[in-house]
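Just so it is clear, the structure is predicted and the values come from calculations on it, not from any experiment.
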Amino acid sequence: MWLVGFCVLAICACAREPEVQDLAESGWTQEIEPPAPAEGSPDSIPDLAAAGWTITPSSLSEVEQVFGSKDPDWIRFKSNFEPGDRVVRLIAPGRQWANAAGWDGYAIVRGDKVVADLAVLLS
């Protein structure tokens, strides 16, 4: 019986997965992909662009047409606007929509920072 156990142990030892060190010593190399980009800081336009967000210039009048002049969210949004600010439409990348974390809406941008946002559609 011990002979059977010894044979099974020998077979398992031969069939084991090669260790990383074994592969390295035999000259194998492995290409490691860089990590996926972060989703980006929710208040930094360059970070959002790097994470795959669609960023399109817009205007306050376009946003008002979508929400209406009496909408309380619209009134709050436009109250953050200062001279020199710009309005953009932000749309999350497809992978976020697939994970029920999609966002589509407008943002007021001052410099490179989002100072106010107004969602049109969330997933």
Side-chain angles (χ1 to χ4, degrees):
M1 191 62 139
W2 67 270
L3 184 57
V4 172
F6 178 74
C7 290
V8 169
L9 181 60
I11 291 171
C12 289
C14 292
R16 72 175 175 77
E17 293 293 320
E19 300 290 330
V20 172
Q21 185 176 357
D22 294 342
L23 294 174
E25 289 172 356
S26 67
W28 280 67
T29 59
Q30 179 180 8
E31 186 174 323
I32 299 174
E33 290 185 35
E39 292 305 322
S41 169
D43 65 346
S44 171
I45 292 296
D47 287 351
L48 292 172
W53 284 65
T54 301
I55 303 168
T56 309
S58 188
S59 67
L60 286 176
S61 61
E62 180 181 326
V63 181
E64 185 176 31
Q65 289 177 11
V66 172
F67 287 90
S69 62
K70 303 220 187 292
D71 185 284
D73 292 330
W74 156 245
I75 294 168
R76 178 200 51 80
F77 178 77
K78 76 174 181 176
S79 72
N80 291 287
F81 192 85
E82 295 180 1
D85 288 351
R86 58 193 170 106
V87 178
V88 296
R89 176 97 184 246
L90 295 174
I91 302 173
R95 65 183 174 279
Q96 288 191 353
W97 291 96
N99 292 326
W103 194 92
D104 180 356
Y106 296 92
I108 295 174
V109 179
R110 189 170 299 139
D112 282 338
K113 299 289 183 192
V114 173
V115 296
D117 60 67
L118 183 56
V120 173
L121 183 62
L122 302 170
S123 69

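- Residues V114 and W53 share a single hydrophobic cluster, defined by chaining ILVMFWY side chains whose heavy atoms lie under 4.5 Å apart.
- By the side chain to side chain contact (heavy atoms under 4.5 Å, CB included) test, S79 pairs with no residue at all, sequence neighbours left out.
- With hydrogens and angles ignored, the 3.5 Å screen pairs a side-chain donor or acceptor of D85 with a backbone N or O of E82.
- Counting only heavy atoms from C-beta outward, the side chains of R76 and L118 approach each other to under 4.5 Å.
- To the nearest 0.5 Å, atom CZ of residue R110 and atom CZ of residue F81 are 9.0 Å apart.
- A donor-acceptor pair under 3.5 Å is absent between the side-chain atoms of W74 and the main chain of V63, judged by distance alone.
- Here the closest heavy-atom approach between residue V109 and residue G111 is recorded as CG1-O, 3.4 Å.
- Considering every non-hydrogen atom in both A119 and W103, the closest pair reads CB-NE1, 3.5 Å.
- F67 has its side chain within reach of V120: a pair of non-hydrogen atoms, C-beta onward, lies under 4.5 Å apart.
- Looking only at side-chain heavy atoms (C-beta outward), D71 and E64 stay at 4.5 Å or farther from each other.
- When the side chains of ILVMFWY residues are joined at heavy-atom separations under 4.5 Å, either directly or via intervening members, I45 and I108 end up in two distinct hydrophobic clusters.
- Remark: D73 pairs with no residue by the salt bridge (Lys or Arg N to Asp or Glu O under 4.0 Å) rule, at least two apart or across chains.
- No continuous path of ILVMFWY side-chain contacts below 4.5 Å connects I91 to L122, so the two sit in separate hydrophobic clusters.
- Here S58 contributes atom OG and Q65 contributes atom CD; the two are 9.5 Å apart, rounded to the nearest 0.5 Å.
- One hydrophobic cluster holds both V88 and L48 under the rule that ILVMFWY side chains link at heavy-atom gaps under 4.5 Å.
- The two residues W97 and L121 come nearest to each other via the heavy atoms CH2-O, 3.8 Å.
- The heavy-atom pair separating P93 from A51 by the smallest distance is CG-O, 3.5 Å.
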